Amino acid sequence: MEIPAKYNPAEVEDKWYSYWLDNNLFRSVPDNREPYCVVIPPPNVTGVLHMGHMLNNTIQDVLVRRAKMMGKNTCWVPGTDHASIATEAKVVAKLRDEGIDKNSLTRDEFMGHAWDWKEKHGGIILEQLKKMGAACDWERTAFTMDESLSESVIKVFVDLHSKGKIYRGVRMVNWDPQAKTAVSDEEVVYKEIQSKLYYLNYSFDGEDGHVTIATTRPETILGDTAVCVNPNDPRYANLKGKRLIVPLVKRSIPVILDEYVDMEFGTGALKITPAHDINDYTLGDKHNLETIDIFNDDGTLSEAAQLYVGMDRFDVRKKIVVDLEEQGFVEKIENYVNKVGYSERTDAVIEPKLSMQWFLSMKELAKPALDAILNEDIKLHPPKFVNTYRHWMENVKDWCLSRQLWWGHRIPAWYLPGGGYVVAENEEQALVQAKKKTGNQNLAISDLRQDEDVLDTWFSSWLWPISVFDGIRNPHNDDIKYYYPTNVLVTAPEILFFWVARMIIAGYEYRGEKPFETVYLHGIVRDGQRRKMSKSLGNSPDPLDLVKKYGADGMRMGMLLCSAAGNDLLFDESLPEQGRNFCNKIWNAFRLVQGWEVSSDIPQPNHSAVAVNWLNNLINHKVDVLNDYFEKYRLSEALMEVYKLFWDEFSSWFLEIVKPAYQQPIDSKTKEQVLEIFDKMLRLLHPFMPFITEELWQLIAVRKPGASIMVVPQPQENPFDDGVLTRFAEMKEIVAGIRNVRQEKNIPNKELLPLLIKSSKKLSPQLEGVIIKLAGIESLRYTEEPAEGSAGFLVGSMEFFIPLHGFVNEEEEKQKLQQELEYAKGFLGSVMKKLNNERFVNNAPAKVVEIEQNKKADAESKIKVIEERIAGMKSK
RNA sequence: GGGAGUUUAGCUCAGCUGGUUCAGAGCACCUGCCUUACAAGCAGGGGGUCACUGGUUCGAAUCCAGUAACUCCCA
């Protein structure tokens with residue numbers, strides 16, 4: 001059967017993914033093996049796969065597949081997040097396209113549309129994960145708004161409320177006046193815009209003179225309740241206790257002193273509008289200032305503003321500047337670049353606004369979660385994030401739980417007709433409580449009004465490692481007992497606080513135990529210019545296109561090659577290309593081996609036996625190295641190690657040695673051993689490149705139905721002989737030396753060459769055989785005398801000569817030797833400098849001194865060899 | 001403004017508690033080869049004052065201090 005010279009991933013990928021599914025190879029149920037459990041960071045339910053997902057899930061898949069081959073009962077739980085604001089925004093936009101205004105719908109009607117949308121677009125991303133080979137237990141697929149997960153969320157809210165941890169309070173939120181909702185900090189995009197800085201004069205109340213303040217938002221002066229200066233500012237030393245008049249509205253406001261004010265900025269005097277700026281709010285709070293909210297929910301001015309009531313905030317800005325100028329309050333206007341927050345969804349300018357919200361008190365809850373990281377009960381990879389984590393947790397702020405949205409878990413609080421509220425798991429229980437609280441037994445459900453808001457999405461995802469196993473509602477079920485705590489969480493550092501820290505908090509609060517052993521933080525995928533990949537920039541390739549182009553294995557390898565933990569990774573297409581090329585290399589190695597005719601009549605050649613022994617020793621060594629890398633979550637390096645092992649050692653050296661001459665058969669023993677080694681290589685590669693390894697593993701031997709490389713053990717750690725590796729490395733140097741001579745002298749590979757060796761020690765006959773084969777040597781013999789007219793080179797203190805009458809320029813040879821001699825002398829010099837330094841000899845550890853002495857001896861013998869050689873040439 | 005981190009070859013990064021071939025890897029680059037497994041390849045090769053300045057030490061890419069540039073997080 002003719003095998004194509006190029007590997008074609010499209011032909012095998014779907015086949016093997018179905019095979020794995022059909023044979024239940026991803027399925028996990030508790031048994032007596034050790035579990036290895038990973039919960040997926042749930043992507044947005046209506047999202048599509050982007051490069052970040054590709055990286056995130058490739059890493060998880062590598063870890064899961066390897067653990068499986070280490071004999072663990074692996075369980076990778078997939079699922080999606082309802083992502084309330086993102087999904088709701090998409091639904092609102094879709095309805096708008098259809099001419100439907102969200103505000104014209106009832107909550108139930110809107111939820112109907114939202115669920116339709118979810119049914120239509122939900123889960124696409126999970127199907128896409130299958131294309132990259134994800135070994136998820138699909139029977140466990142979870143969604144944060146599934147009944148069991150929703151109930152868990154509500155139960156936890158009620159529980160925390162009953163523990164007194166949840167309270168209501170006023171807070172400044174990012175208000176989107178177009179969508180008329182608060183948006184989270186993460187949904188605000190800051191853009192640098194060209195604007196103006198207005199210098200306005202505030203007169204003193206009751207005396208002459210004025211103070212000039214600078215602001216970018218002159219319309220907010222209507223809400224000013226103070227002017228603040230730095231107490232250390234000599235310009236304003238006399239302002240203490242004075243009052244100023246706000247222009248136009250003529251309100252009298254105090255001057256307050258606070259070191260918060262940046263003396264360098266503007267005039268050093270800052271107007272304070274507590275209702276419309278977060279910093280001003282904090283200052284207002286500190287100095288007990290009045291709060292005047294001058295905006296309506298849609299961004300027009302409210303009655304409280306007194307002027308321009310009902311006008312849009314941006315129209316007011318233009319108008320008020322004209323009015324201020326007319327009345328002489330404007331000192332000057334400068335151009336100014338500042339950062340303005342825009343709503344990610346509607347692109348409206350965000351208005352900071354005070355509103356009543358639900359909060360979770362964090363200080364006490366955070367304590368065990370902080371300790372867990374500090375005492376390494378949970379390990380962070382890379383550990384550099386520990387400090388950041390600590391800083392955040394030590395200064396943790398209360399968590400604003402409510403969002404003015406419909407899509408999500410509705411807050412289980414019901415307001416009572418006469419004021420006050422109750423919190424309960426459902427309407428019935430709410431009613432019971434309401435009756436109790438009011439003493440009114442005639443209350444009906446219709447008398448209660450449930451809070452309109454939903455919970456922050458993170459308030460459901462923080463339970464994820466517990467709720468996917470139903471461990472909140474049913475804390476003693478078999479799954480949660482077996483899989484919890486999970487082994488590793490793989491995610492990006494940008495959500496370390498939003499998600500990871502909160503999961504840890506929830507883990508200790510609801511299981512009394514950490515949710516995972518290890519957190520592996522990977523970087524953000526960026527393009528070649530370090531720009532974040534984003535749709536709007538158009539610099540993000542569709543990962544599935546790349547999978548099509550380079551194969552899933554090639555794409556996975558491309559992701560991993562640039563993914564040192566915690567570093568951002570700069571992705572470009574050369575990476576999956578490298579992955580594809582590697583697949584092709586593996587494929588062709590298989591083609592070679594597979595094509596060999598076997599003869600049981602010929603004995604195994606010496607060079608093959610020595611090569612097999614060498615490579616097995618090397619693999620044993622590399623298994624150690626790989627285990628170490630995996631323990632440290634250094635996946636990129638682990639992959640590189642396997643890559644070099646396969647490409648350089650296995651293909652370029654090993655296969656070239658054992659390869660029979662053209663159209664000659666191979667001895668059966670070598671063939672068998674080559675296949676064994678091939679099998680090992682495939683197993684080492686499988687976690688990284690599942691498809692091609694399964695394909696070839698199935699081809700190199702007859703397998704039982706249902707068998708899969710997925711469940712074959714990884715090669716185990718075995719002792720290895722260092723001497724074998726060292727001697728082989730020396731042999732490689734010799735071969736390289738000969739090849740080098742060929743290259744320099746332009747000698748075709750086909751032309752066999754004689755090789756003379758002058759050396760006090762001898763090579764093993766087996767290795768001589770290898771040299772003869774690889775370097776095209778016709779005869780190899782030892783000599784006492786340098787051969788005339790030879791090209792030569794040194795390996796250690798061994799001298800090698802290739803007689804090439806007529807081809808060799810004695811002068812050039814001599815110069816080469818002269819250079820080597822100088823280098824060796826320089827090297828000896830630096831060694832001697834150390835050894836002649838008494839303080840070095842006295843202070844350095846004996847071992848280090850010994851190393852230097854060995855270096856000295858080696859260098860001296862090498863120098864002697866070279867000098868003799870040069871002397872010999874001179875005498876001719 | 002507060003905090004964390006980075007700076008090593010053209011690019012992306014390894015270099016753990018100072019001391020072996022400590023200056024490395026992959027890619028890119030250069031040269032020669034279409035040698036019937038693979039040109040998505042083979043063989044060979046060049047390339048770095050380890051950001052800068054000073055200090056500690058017998059010895060510093062590695063430890064300390066300062067300087068500069070960049071990145072991220074929080075505000």
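Since the model is a prediction, treat every value here as computed from it, not as a measurement. Labels below follow one simple rule: chain letters A, B, ... track the order of the sequence lines, proteins then strands, and each chain is numbered from 1.
We find that CZ of Phe840(A) is positioned 8 Å from C1' of G59(B), with the value rounded to whole Å. Protein atom CG of Leu774(A) is 13 Å distant from nucleotide atom C1' of C42(B), rounded to whole Å. In this structure, Glu637(A) places its CD atom 12 Å from P of C16(B), rounding to the nearest Å.
Neither OP1 nor OP2 of A25(B) sits under 4.0 Å from any side-chain N or O of Lys644(A). For C42(B), the OP1/OP2 oxygens have a side-chain nitrogen or oxygen of Trp647(A) closer than 4.0 Å. Here Arg742(A) does not reach the OP1 or OP2 of C42(B): none of its side-chain N or O atoms lies under 4.0 Å away. Applying the 4.0 Å criterion to OP1 and OP2 of C27(B), one finds that Tyr643(A) has a side-chain N or O inside that range. Close to G32(B), at under 4.0 Å from its OP1 or OP2, lies no side-chain N or O of Asn746(A). Close to A37(B), at under 4.0 Å from its OP1 or OP2, lies no side-chain N or O of Lys6(A). Residue Asn387(A) places no side-chain N or O under 4.0 Å from the OP1 or OP2 atom of G3(B). Taking only side-chain nitrogens and oxygens, Lys659(A) comes nearer than 4.0 Å to OP1 or OP2 of A37(B).
Taking the P atoms as reference points, C22(B) lies 15 Å from G15(B), given to the whole Å. Between C64(B) and G41(B), the two P atoms lie 44 Å apart (nearest whole Å). On the C1' atoms, C27(B) is 30 Å away from A68(B), given to the nearest whole Å. Separation of the C1' atoms belonging to C52(B) and U12(B) is 24 Å when rounded to the nearest angstrom. Taking atom C1' on both nucleotides, G2(B) is separated from C50(B) by 31 Å, rounded to a whole Å. Here, A4(B) and U31(B) have their C1' atoms 47 Å apart, quoted to the whole Å. For U17(B) and A61(B), the P atoms lie 15 Å apart once the distance is rounded to whole Å. Annotation: U53(B) and G32(B) have their P atoms spaced 41 Å apart (nearest Å).
Closest to the Met640(A) side chain, of the nucleotides A25(B), C58(B), G3(B), is A25(B). If you check C58(B), A37(B), C72(B) against the side chain of Asn588(A), the one that comes closest is A37(B). Of the listed nucleotides (G26(B), G45(B), G2(B)), G26(B) has the atom at the smallest distance from the side chain of Gln578(A). Among C58(B), A40(B), G2(B), the nucleotide with an atom closest to any side-chain atom of His391(A) is G2(B). Listed nucleotides U21(B), A75(B), U20(B) differ in distance to Lys397(A); the shortest reach to its side chain belongs to A75(B). In the set G41(B), C72(B), U35(B), the nucleotide with an atom closest to the side chain of Arg526(A) is C72(B). Of the candidates G15(B), C38(B), G41(B), C38(B) carries the atom nearest the Arg591(A) side chain, counting heavy atoms from C-beta on.
You won't find any donor-acceptor pair under 3.5 Å spanning the side chain of Arg739(A) and the base of A43(B), going by distance alone. Taking only distance into account, the side chain of Gln743(A) meets the base of U31(B) through a donor-acceptor pair shorter than 3.5 Å.
Two residues, Val848(A) and Tyr629(A), neighbour RNA chain B, and the one matched to the more 5' nucleotide by heavy-atom proximity is Tyr629(A). Across the interface with RNA chain B, nearest-nucleotide mapping of Ala736(A) and Ile524(A) shows Ala736(A) to be the residue nearer the 5′ end.
Just one of Val525(A), Val547(A), Leu546(A) meets the side-chain contact (heavy atoms from CB on, under 4.5 Å) condition when paired with Met54(A); it is Val547(A).
With a cut-off of 3.5 Å on both Watson-Crick or G-U wobble distances, the partner of U36(B) is given as none. Remark: G18(B) base-pairs with no nucleotide; criterion is Watson-Crick or G-U wobble with both hydrogen-bond distances under 3.5 Å. Pair check for G24(B) finds C13(B); Watson-Crick or G-U wobble, both atom distances under 3.5 Å. Both distances falling under 3.5 Å, in either a Watson-Crick or a G-U wobble arrangement, place A43(B) opposite U31(B). Base pairing analysis places C52(B) opposite G66(B); the two distances defining the Watson-Crick or G-U wobble pair are each below 3.5 Å. C72(B) is paired with G3(B) under the Watson-Crick or G-U wobble criterion, all donor-acceptor distances under 3.5 Å.
Within 4.0 Å of Phe497(A), counting heavy atoms only, lie sugar-phosphate atoms of the nucleic acid but no base atom. Nucleic acid contact class of Asn740(A) (heavy atoms, under 4.0 Å, all strands): sugar-phosphate only. Residue contacts for Asn749(A): at a heavy-atom cut-off of 4.0 Å it reaches a base atom on one of the strands shown. Among the atoms of the strands shown, none is found under 4.0 Å from any heavy atom of Ser574(A).
Among residues two or more places apart in sequence or in another chain, the side chain to side chain donor-acceptor pair (under 3.5 Å) test is passed with Glu695(A) by Lys15(A), Trp16(A).
Atom-to-atom distance recorded for Cys400(A):SG and Phe359(A):CZ is 4.5 Å, nearest 0.5 angstrom. One distance of note links CG of Asn230(A) with CG of Leu270(A); it measures 10.5 Å at 0.5 Å rounding. In this structure, CG in Leu696(A) is found 9.5 Å from CG in Leu685(A), a value given to the nearest 0.5 Å. Between the CD atom of Glu733(A) and the CD atom of Glu730(A) there is a distance of 7.0 Å, given to the nearest 0.5 Å. Within the model, atoms NE2 of His391(A) and CG of Leu370(A) stand 12.0 Å from one another, a figure rounded to the nearest 0.5 Å. Here Ile692(A) contributes atom CD1 and Asn584(A) contributes atom CG; the two are 8.0 Å apart, rounded to the nearest 0.5 Å.
In this structure, Lys548(A) places its NZ atom where only 12 or fewer heavy-atom neighbours from other residues, nucleotides or ligands lie under 6.0 Å away.
Residues of residues 649-657 of chain A that place a heavy atom closer than 4.0 Å to RNA chain B, in numerical order, are Ser651(A), Ser652(A), Glu656(A).
Ion pairing of Glu351(A) with Arg217(A) is present here, as a side-chain N (NZ or NE/NH1/NH2) and a carboxylate O approach within less than 4.0 Å. Salt bridge status for Glu656(A) with Lys659(A): present, with a side-chain N to carboxylate O gap under 4.0 Å.
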